> 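Attaching a single structure in structure tokens format; questions to follow.
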Amino acid sequence: MTRPLVAIRSVAKNFGEFQALKNVSLDVWPGEVMCLIGASGSGKTTLLRCINQLAAIDAGGIWLDGELLGVREQGGRLHRLSEREIGRQRLKTGMVFQRFNLFPHMTALENITEGPTQVQGRKADEVRAEATELLRRVGLAAKAGSYPAQLSGGQQQRVAIARALAMKPMLMLFDEPTSALDPELVGEVLAVMKELAKSGMTMMVVTHELGFAREVADRVVYMDQGAIVEQGRACDVLGAPREERTKAFLSAVI
Amino acid sequence: MKPAPALADGFPDLSGMQIAREPHWFRWISAALIVLVLAAIARAFANGQIEWSYVGRFLTAKVILEGIVNTMVMAVLAMALGIVLGIVVAIMRLSPNPVLKTVAAGYTWLFRGTPLILQLLLWFNLALVFPTIGIPGLWSARAVDVMTPFLAALLGLGINQGAYTSEVMRAGMLSVDIGQYEAAQAIGMGRLRALRRIVLPQAMRVVIPPLGNEFIGMVKATSLASVIQYPELLHNAENIYYANSRVIELLIVAGLWYLLVVSILTPLQMLLERRFARGTLRLAR
């Protein structure tokens, strides 16, 4: 591994007066599963949204697969990329949202084929075969023709994961994928994510599921007030935290 | 507290008892009163000075039928123009570009702010301002020849409708969850593609009831084009009564046709609503 898949350097992001990210630097290596934990408002979701360019950073830089995101350096200045260029860069990442955000007017299968056919311009029958295979992989082969409203939260989130995978991303971003689910539905989504981690996908997961982090994550990053406080192997950060703030957070959530 | 017995005594078993029907006295009385009032109105019209035979005769007169066809053609075309303009203007209004935003707001302000009949008269009399119109060096014509009653009515009604429709469309687009834009962006869609594929289809579900309302309004608003000589239903009915003086009879004929058209449109709207409700209808009910 010569270079990280994601390199985040001195990134800052403000919402008005509020500093959501303060001077954050981080590397994510190919094949790594990274869990981001921390209280709400700590900046972990914002960090994911900056990587996927749903939010534009105010300072610093993010490189994905060696390519600087969102801006181009020219003559000692940074110029914003066009919407088309940003769209192209986004194809390298897949995003799974807390509230699923499936397209309600399309069936499960259509949700998955929409990106490959409309954005990537690929052949419909080839995409359809892949989408069917993805649905099988997330355990929903029988639900291809169902609309999101006819699916449970856990099933919707699994379709959303399949939709993101259909674009063949190098990096999967999960923004609290199980927070909006009833407790009995969390397991099925985590199982799909574990299977994905095992297949070697690079993943960044914002989560409150510490059990998942302990079991699956190669690295756990604890964030607080827009900064990375502590990071390391899951067993170290979760089992024997060094920082006082990490200890306080963990004792509050367990 | 002592451990409770399985079930306390003193509460009789009500299973097997039916709920008695309520008498609903007020419903009977009010229905009877309304029937009386309707009968009185019907009697008044039957005995009034209306030659009902004229109504029957002119209901299917050729000129009236031509009028209703012209009315529907104009309503459909002007509404189509209004919807296209409305979508474009709503997208401009919601764009981050301040120039587009201002242009869109100005359009809505101008065409919603003046009476429709005034706009129709302005379009029809455009020749007074620009005797000849055209593209310099390529094509030109006398404005009187170009600005026919048909074109003036289409432009007047359609452009005015666009101003109202843009607000309906804007409301529809705003009703779509922001997460839908984000999910569309996340699979690499640009703004316009996300609007076309993801946001507009969902907005349609919300805008069809108000658009149905607008279309019904449009069918009737075409009658204003009678003032610029467009041969729609009311204009033709007027032409007949200028000749035979059966004013009320012909107004009733026109009124019945408008009612019939609107009555047919309502179930059509429901079909359309069902089409766009895909995915939101709950399972078999």
Side-chain angles (χ1 to χ4, degrees), chain A residues 45 48-49 51-55 82-108 110-121 145-151 156 159-160 162-169 172-175 180, chain B residues 87 90-92 94-101 169 171-209 211 269-285:
Chain A
T45 290
L48 281 202
R49 293 173 61 86
I51 294 170
N52 203 26
Q53 303 193 59
L54 291 175
S82 68
E83 194 186 30
R84 178 180 293 266
E85 283 292 295
I86 289 175
R88 186 184 57 76
Q89 291 186 333
R90 278 205 189 98
L91 294 181
K92 293 183 180 178
T93 59
M95 180 93 169
V96 175
F97 298 89
Q98 182 177 1
R99 305 239 19 120
F100 331 136
N101 295 350
L102 288 184
F103 306 131
H105 57 304
M106 299 180 184
T107 62
E110 288 166 350
N111 263 278
I112 299 170
T113 57
E114 178 71 9
T117 54
Q118 293 295 317
V119 179
Q120 295 176 325
S146 300
Y147 286 98
Q150 298 165 330
L151 300 174
Q156 288 189 52
V159 173
R163 175 175 70 179
L165 289 175
M167 307 299 288
K168 303 191 174 153
M172 282 287 283
L173 305 168
F174 293 85
D175 182 13
Chain B
I87 291 175
I91 291 173
M92 286 165 67
L94 292 174
S95 101
N97 182 334
V99 179
L100 294 183
K101 257 186 189 170
M169 287 293 172
M173 289 185 213
L174 288 175
S175 77
V176 177
D177 184 57
I178 184 80
Q180 293 289 314
Y181 286 95
E182 293 187 342
Q185 284 183 323
I187 57 170
M189 288 191 178
R191 215 180 84 83
L192 286 180
R193 196 196 299 272
L195 277 171
R196 185 167 58 82
R197 297 284 308 174
I198 307 300
V199 177
L200 280 177
Q202 294 181 59
M204 287 313 284
R205 191 173 64 81
V206 180
V207 302
I208 282 172
L211 278 191
Q269 178 185 330
M270 286 174 76
L271 283 179
L272 209 58
E273 276 178 38
R274 210 168 299 168
R275 170 79 179 88
F276 280 102
R278 260 176 321 165
T280 57
L281 291 179
R282 281 277 153 196
L283 290 167
R285 198 188 288 173

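Everything quoted here is computed from the prediction, not taken from an experiment. In what follows, chains are A, B, ... by sequence order, proteins preceding strands, each numbered from 1.
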> Relative to chain B, which segment of A:Leu102 carries a heavy atom at a distance below 4.5 Å: side chain, backbone, both, or neither?
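When you check distances to chain B, only backbone atoms of A:Leu102 fall under 4.5 Å.
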> If I take atom CG from residue A:Asn111 and atom CD1 from residue B:Ile198, how far apart are they, to the nearest 0.5 angstrom?
7.5 Å
> Is A:Arg88 atom CZ crowded by more than 12 heavy atoms from other residues, nucleotides or ligands, each under 6.0 Å away?
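Buried by this count: over 12 neighbours within 6.0 Å.
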> Please name all residues satisfying salt bridge (charged side-chain N to carboxylate O under 4.0 Å, His left out) with B:Lys101, sequence neighbours left out, ordered by chain then number.
none
> Check for a donor-acceptor pair, side chain of A:Glu83 on one end and backbone N or O of B:Arg191 on the other, with a separation under 3.5 Å.
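At least one qualifying donor-acceptor pair exists.
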> Need one label for B:Arg193: side chain, backbone, both or neither, based on atoms under 4.5 Å from any heavy atom in chain A.
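For B:Arg193, the side chain is the part near chain A, not the backbone.
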> Check each atom of A:Ser146 against the heavy atoms of chain B and say whether the ones under 4.5 Å are side chain, backbone, both or neither.
neither
> Measuring from A:His105:NE2 to B:Arg197:CZ, what's the distance to the nearest 0.5 Å?
7.0 Å
> With only heavy atoms counted, which part of A:Phe103 is less than 4.5 Å from chain B, the side chain, the backbone, both or neither?
both
> Nearest 0.5 Å, what's the CZ-CG distance between A:Arg99 and B:Asp177?
8.5 Å
> Would a 4.5 Å heavy-atom cut-off, applied to side chains only, mark B:Gln180 and A:Pro104 as touching?
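The answer is yes, as the side chains (C-beta and beyond) meet within the 4.5 Å cut-off.
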> Do any side-chain atoms of residues 183-190 of chain B form donor-acceptor pairs under 3.5 angstrom with protein atoms, and if so which ones, sequence neighbours left out?
none

